[in-house]
Amino acid sequence: MVTYEFQVDETGSTLVNIIYNSSANQGSTWILVPKFSKWTNKTLNGEITDWSLSDSYRVMGFSNPFYEAFYFSFKSYNGRFELNVKYNHSLAAMIIEPNGIFFSPQIGFEKGNKVKITVTLPKEFIINQDEAITFGMFSNYPPTLIDQSRNTLSFNDIPETENLLRVEIGFKTKNQSAQLVKLHSGIFTFEVTPRYVEYARRILRFYNQTYDELVDLFNVTLEDAQIRFFLPEFTQLLSIGGYVPFVSKKLGDIHINVIYIRAVEGQIEVIALHELVHHFLWRAGVSPENLLWFHEGMAQYVSIEICNKMSYEGAALIKQQMKAGVSEVKKKFKDDFGFLQEWTPRHSPQDLGNYYIAAYYIVSELAKQQGGLEYYRNVFKLPRDRKIENNADLAYYLSIAAGESVADILNNWGFNVPDLYSYSSLLNEAKMFLEKTNRIFEPYRSLAEILYRSAVSNANQENEDMMRLYLALAILIGKLAPLLTLMTLSMLIYCLLLWLLKTRKVF
């Protein structure tokens, strides 16, 4: 029998009390203990005859860098052995008023033992009764008892086949709003509750450390950036790392999931950099409305590559996870990722994870073929006087930076983009006439510009002939705009003279 008792205080810090009981005369077993925090063990009855520490992979089948297995052999006294293990976890409950989530440390012990779990929250917290669950390897288990008088939850009906578990509990705080402080560093401002100031400062230092590299990569600067932590919905605890809202055609503040301050060093840095990259892409003219797949793919690729270069363990871990995810997505969709073209901020698909992985794969694979981050540095160094609003524009600039067309590569992945690169002479000629044609030559200059925009914005594989026609007409009208304007003015003057002569009854 293994008993886990979690005693949470009002700051979220938690005392973990583990009691192992056995009636066997002798035996051996293991319990997970923290790898980088102090823990104590006390034999309450019986005797430990031997012990050792082992990597968590040996007992879990997957590596958890924060825990290791405490193996021990024991003898009972009077048919009873009892061991008590204790440690503190300072971030077991994450709180941003008025919400909080308790997410237990890893529960782990040898299979075949019955487990009982109790969690006691302080009186200042109000348990959300429909937000309490224990996650096992095979199923999830609701509480067997919620004692509101003691603010305690018990989980006693967990089968002996489960030995690796986590408990998640949602709660409300009596304080309805958090007291926030503002931290300023360079162009960055972090609004944060005092309990997480240390972690906010860490992210600010990281942002300032990487800012110049992003400026060099995207060839733009930011005026300012606002950052804040957020607590996700109960059912989305680890499924969302961060987000930047896109409202009224503007990018909002950077939001970072506070639970990831508990993750391996480097994971929250990848998340934070991912969200910052969105601001740089927006500033560089890439539309998140029409090119969300490229926004997300670039944000993930750039953040992983930069953090991996900085030797963050978490970045290497995320890169491995993405690589495994790419293999699955390629197999599932058979390299047909055309669905990415329909992804917008207003359309959130059910299998969102596959969209992120597919977007990352395309961006990283193009980089692999063309020279890594340096390739995208060349893309954003290209002179532009307009935004990249669609896939045709994007493919065109990607091709220029590559020195060869990438349209066929994208179309082999299920996209539907024209090869604008092969029409670059027409595009450049049309653009040149638009730039040279004075605004006084209206409405013909505007008509030429409309034709040019239509050719580019509506371009796809099926209507390349129409695109070529529109570009040719744009060039022709651009060339003739002065003459056409003169002819139009002459005709207007002639008509006006005729009207004046007629009103004066000259004829």
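If you're wondering where the values come from, they're calculated on a predicted model, not measured in any experiment. Counting begins at 1 with the first residue of the sequence.
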Could you check whether the rings of Tyr196 and Phe229 sit parallel, tilted or perpendicular, using 30° and 60° as the cut-offs? perpendicular
Aromatic rings Phe171 and Phe125: how do their planes relate, parallel, tilted or perpendicular, breaks at 30° and 60°? parallel
Interatomic distance, CG@Asp216 vs OG1@Thr221, rounded to 0.5 Å, equals 12.5 Å
Here's a test for you: under ring-ring contact (aromatic ring centres under 6.0 Å, His included), which of Trp293, Tyr356, Phe337 qualifies with Tyr361? Phe337
Check this for me, if you would: do Glu82 and Arg80 make a salt bridge, where the nitrogen-to-carboxylate-oxygen distance has to be below 4.0 angstrom? yes
Would you please indicate if the ring centroids of Phe109 and Tyr20 are separated by under 6.0 Å? no
Could you verify whether a donor N or O on one side chain and an acceptor N or O on the other, from Gln226 and Asp253, lie under 3.5 Å apart? no
Distance-only donor-acceptor check, side chains Asn99 and Lys172, under 3.5 Å: yes
Qualifying residue, where the test is side-chain contact (heavy atoms from CB on, under 4.5 Å) with His279 and the options are Asp224, Val220, Leu222: Leu222
Under 6.0 Å between ring centres: does that hold for Phe155 and Tyr141? no
Test: Arg201 cationic atom under 6.0 Å from Phe206 six-membered ring centre, within 45° of axis: no
Quickly, which of Arg202, Lys309, Arg205 forms a salt bridge (charged side-chain N to carboxylate O under 4.0 Å, His left out) with Glu269? Name it, please. Arg202
Show your reasoning for whether side-chain hydrogen bond (donor to acceptor under 3.5 Å, both in side chains) applies to Asp147 and Ser149. CA-CA 6 Å; Asp147 185 340; Ser149 63; 2.5 Å; yes
Please lay out, stage by stage, how Phe81 and Asn45 fare under the test side-chain contact (heavy atoms from CB on, under 4.5 Å). CA-CA 5 Å; Phe81 174 79; Asn45 203 59; over 6 Å; no
For the pair Phe72 and Phe70, evaluate ring pair (Phe, Tyr, Trp, His ring centres under 6.0 Å) and give the outcome as yes or no after the intermediate values. CA-CA 7 Å; Phe72 58 92; Phe70 172 44; 5.2 Å; yes
Phe333 and Phe339 aromatic ring geometry - parallel, tilted or perpendicular at 30°/60° bounds: tilted
Check the angle between the aromatic planes of Trp343 and Tyr355 and answer parallel, tilted or perpendicular using the 30° and 60° thresholds. perpendicular
Do Thr118 and Thr152 get their side chains close enough for a donor-acceptor pair, meaning under 3.5 Å? no
For the pair Thr173 and Asn175, evaluate side-chain hydrogen bond (donor to acceptor under 3.5 Å, both in side chains) and give the outcome as yes or no after the intermediate values. CA-CA 5 Å; Thr173 62; Asn175 290 332; 5.9 Å; no
Name the one of Val167, Ile169, Leu237, Leu91 that satisfies side-chain contact (heavy atoms from CB on, under 4.5 Å) with Phe103? Leu237
Go through the side-chain N and O atoms of Asp157 and Thr144 and say whether any donor and acceptor fall under 3.5 Å apart. no
Check Glu68 with Lys35, please: is the shortest side-chain N to carboxylate O separation under 4.0 Å? no
OG of Ser54 to CG of Leu32, rounded to nearest 0.5 Å, is 10.5 Å
Taking Tyr71 for the side chain and Asp50 for the main chain, is one N or O donor matched with an acceptor at less than 3.5 Å? no
Salt bridge (Lys or Arg N to Asp or Glu O under 4.0 Å), that's the test. Do Glu97 and Arg195 meet it? Break it down for me. CA-CA 11 Å; Glu97 289 86 353; Arg195 64 174 64 87; 2.9 Å; yes
Set out, in order, the CA-CA distance, both residues' side-chain angles and the distance that settles side-chain hydrogen bond (donor to acceptor under 3.5 Å, both in side chains) for Asn208 and Ser185, then state yes or no. CA-CA 8 Å; Asn208 282 294; Ser185 182; 2.7 Å; yes
What orientation do Phe230 and Tyr243 show, parallel under 30°, tilted 30 to 60°, or perpendicular over 60°? perpendicular
Side chain Thr189, main chain His184, donor-acceptor under 3.5 Å: no
Here the gap from Glu5 atom CD to Asn84 atom CG, rounded to the nearest 0.5 Å, amounts to 8.5 Å
